[in-house]
Amino acid sequence: MPTLRVAVGSANPVKVASVKAAFAKSFGAAVVTSSHDVASGVSDQPYGDLETRTGALERAAAALRADADADYAVGLEGGVVDAAQGGLESVAWMAVTRRRDGRRNVARTASFLLPPRVTRLLRGEEPGYDKMELGDADDVVFSDVGSKRKGGAIAKVTHGALDRSGYYEHALICALVPFLHDATGLYDDAEPATVRKKRRASAAASPAKKPKREAYVAASAWPEVGEPCRFLSGSTWFDGFVVERNAEGGVDMKFADKKYKGYRERYVASDDPADFIRVKGACLSPTPHLGPKSDDECDDEGQAAAAPAAADDGKCAVM
């Protein structure tokens with residue numbers, strides 16, 4: 001039986017056990033884990049999906065650096081998001097990085113509504129208490145000690161039907177999906193030659209159209225500091241710019257949208273700029289439309305609502 005070594009960006013035994021179980025089930029392999037108490041780069045109590053996902057990615061990157069022999073590294077980050085019905089919901093993000101090719105993927109747990117008193121403690125609205133993290137708030141509400149290193153809030157509110165380890169394990173297995181299909185190439189980005197030939201033939205037979213929107217192409221190298229571009233964070237493309245080159249040989253990106261002020265996306269030397277960065281590029285001749293097929297598929301700002309297709313042989317992707 002093959003053995004996998006997995007670096008976990010946490011010293012929490014519940015998280016380490018979840019990672020070990022998820023990898024064993026997914027790969028059918030013996031799993032050796034190493035735990036590392038690394039920084040998340042976000043607040044102690046992450047708020048919103050973006051901050052929580054960023055924390056998971058940062059933990060995975062730090063764990064990979066901490067264990068030079070690890071085949072994979074995993075970051076797990078719990079956070080809270082606004083609930084549609086009011087109050088807060090608890091969520092967690094999982095990030096997985098593979099050393100040999102730098103491939104990354106993320107997945108999110110299901111969410112559940114937190115009790116009103118827990119929400120008040122998190123917001124600093126409970127009389128007699130300062131603002132708290134979720135684990136500490138759970139201890140107060142459920143008269144427990146160290147609940148985040150045991151079953152967590154999910155075990156309390158489900159009467160033990162689901163504990164924190166199982167809650168994480170499900171999402172971890174989902175995060176591992178793309179890594180399970182190397183033999184078939186099911187999740188490879190490369191476009192099959194037959195599909196590419198058919199697409200090009202179809203485009204050649206259609207009247208050439210001038211792109212209506214500004215064209216972007218995959219970056220061949222990291223952009224310069226201050227250069228505007230679009231970058232991939234999780235599964236979403238954002239406008240932004242390079243704020244600085246980092247010690248890991250990559251770049252730190254800053255979001256243009258002010259609601260993400262203070263957040264960054266980090267790329268390291270093992271990341272391929274073509275996979276994560278799109279820069280402005282001029283189409284020298286009419287090319288197939290790789291973005292939405294109609295204006296109806298764009299958002300109010302005229303940008304593609306979905307992630308753009310990768311540029312092919314220098315063609316422009318309309319974003």
Side-chain angles (χ1 to χ4, degrees), residues 8-26 33 35-40 42-60 63 74-96 106-176:
V8 185
S10 174
N12 188 319
V14 173
K15 293 183 177 181
V16 175
S18 300
V19 170
K20 190 169 186 176
F23 271 80
K25 288 182 179 179
S26 297
T33 58
S35 58
H36 307 275
D37 190 10
V38 297
S40 67
V42 298
S43 59
D44 292 336
Q45 179 54 71
Y47 192 102
D49 280 316
L50 178 62
E51 185 179 13
T52 309
R53 184 177 68 221
T54 298
L57 287 165
E58 286 291 329
R59 288 185 187 277
V74 178
L76 306 86
E77 189 74 20
V80 295
V81 297
D82 290 320
Q85 65 271 48
L88 294 174
E89 291 182 336
S90 178
V91 299
W93 279 86
M94 316 288 123
V96 180
V106 295
R108 182 186 188 270
T109 63
S111 61
F112 62 94
L113 188 66
L114 291 169
R117 191 179 180 211
V118 171
T119 294
R120 292 195 299 272
L121 287 166
L122 291 176
R123 290 174 169 169
E125 298 172 351
E126 182 74 359
Y129 292 90
D130 293 328
K131 194 173 183 179
M132 293 183 175
E133 297 176 39
L134 179 56
D136 296 329
D138 288 340
D139 286 349
V140 170
V141 172
F142 298 107
S143 301
D144 201 353
V145 177
S147 59
K148 66 182 180 181
R149 301 180 72 86
K150 297 183 286 186
I154 187 67
K156 302 292 187 182
V157 299
T158 64
H159 294 303
L162 181 62
D163 63 15
R164 201 177 186 201
S165 181
Y167 181 62
Y168 288 155
E169 185 182 322
H170 180 272
L172 283 164
I173 290 173
C174 291
L176 288 172

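Worth saying up front: this structure is predicted, and the values here are computed from it rather than measured.
- Nearest approach of Asp44 to Pro46, heavy atoms of both residues: O-CD, 3.4 Å.
- Screening Ile173, Leu172, Leu176, Val106 for a side chain to side chain contact (heavy atoms under 4.5 Å, CB included) with Met94, the sole residue that qualifies is Leu172.
- Closest approach of Val140 and Arg117 over heavy atoms only: CG1-NH2, 3.9 Å.
- A ring pair (Phe, Tyr, Trp, His ring centres under 6.0 Å) check over residues 117-162, counting only residues at least two apart or in different chains, returns nothing.
- The two atoms that bring Ala107 and Ala171 nearest to each other are CB-O, 3.5 Å, heavy atoms only.
- The minimum heavy-atom distance between Ser10 and Asn12, with the atom names listed, is OG-N, 3.0 Å.
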Apply salt bridge (Lys or Arg N to Asp or Glu O under 4.0 Å) to Arg120 and Glu126, showing your working.
CA-CA 5 Å; Arg120 292 195 299 272; Glu126 182 74 359; 2.8 Å; yes

Carefully, step by step, assess Gln45 and Lys131 under the rule side-chain contact (heavy atoms from CB on, under 4.5 Å).
CA-CA 10 Å; Gln45 179 54 71; Lys131 194 173 183 179; over 6 Å; no

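- Residue Val16 comes nearest to Ser35 through the heavy atom pair CG2-CB, 3.9 Å, listed as atom of the first residue, atom of the second, then distance.
- Here the side chains of Val157 and Pro115 are in contact, with some heavy-atom distance below 4.5 Å.
- In this structure the side chain of Val118 reaches within 4.5 angstrom of the side chain of Asp138, judged on heavy atoms.
- Taking the salt bridge (charged side-chain N to carboxylate O under 4.0 Å, His left out) definition, one finds that Lys156 meets it with Asp144, sequence neighbours left out.
- One finds the CG atom of Leu121 at 10.5 Å from the CG atom of Leu114 (value rounded to the nearest 0.5 Å).
- To the nearest 0.5 Å, the span separating CD on Glu58 from OG on Ser40 amounts to 8.0 Å.
- Judged by distance alone, with hydrogens and angles left aside, the side-chain atoms of Tyr167 form a donor-acceptor pair with the main-chain N or O of Ala110 at under 3.5 Å.
- At a threshold of 4.5 Å between non-hydrogen side-chain atoms, the residues Val74 and Phe23 count as touching.
- The shortest side-chain heavy-atom distance between Val8 and Leu76 falls under the 4.5 Å cut-off.
- Annotation: His170, atom NE2; neighbour count of heavy atoms from other residues, nucleotides and ligands within 6.0 Å does not exceed 12.
- For Glu51 (side chain) and Ser43 (main-chain N/O), a donor-acceptor pair under 3.5 Å exists by modelled atom type.
- In this structure, the separation between CG on Leu134 and CG on Leu88 is 9.5 Å, given to the nearest 0.5 Å.
- With a 4.5 Å cut-off on side-chain heavy atoms, Val91 and Val80 do not count as touching.
- Judged by distance alone, the side chain of Thr33 and the main-chain N or O of Lys20 form no donor-acceptor pair under 3.5 Å.
- Scanning all heavy atoms of the two residues, the minimum distance from Leu122 to Ala137 falls at CD2-CB, 4.4 Å.
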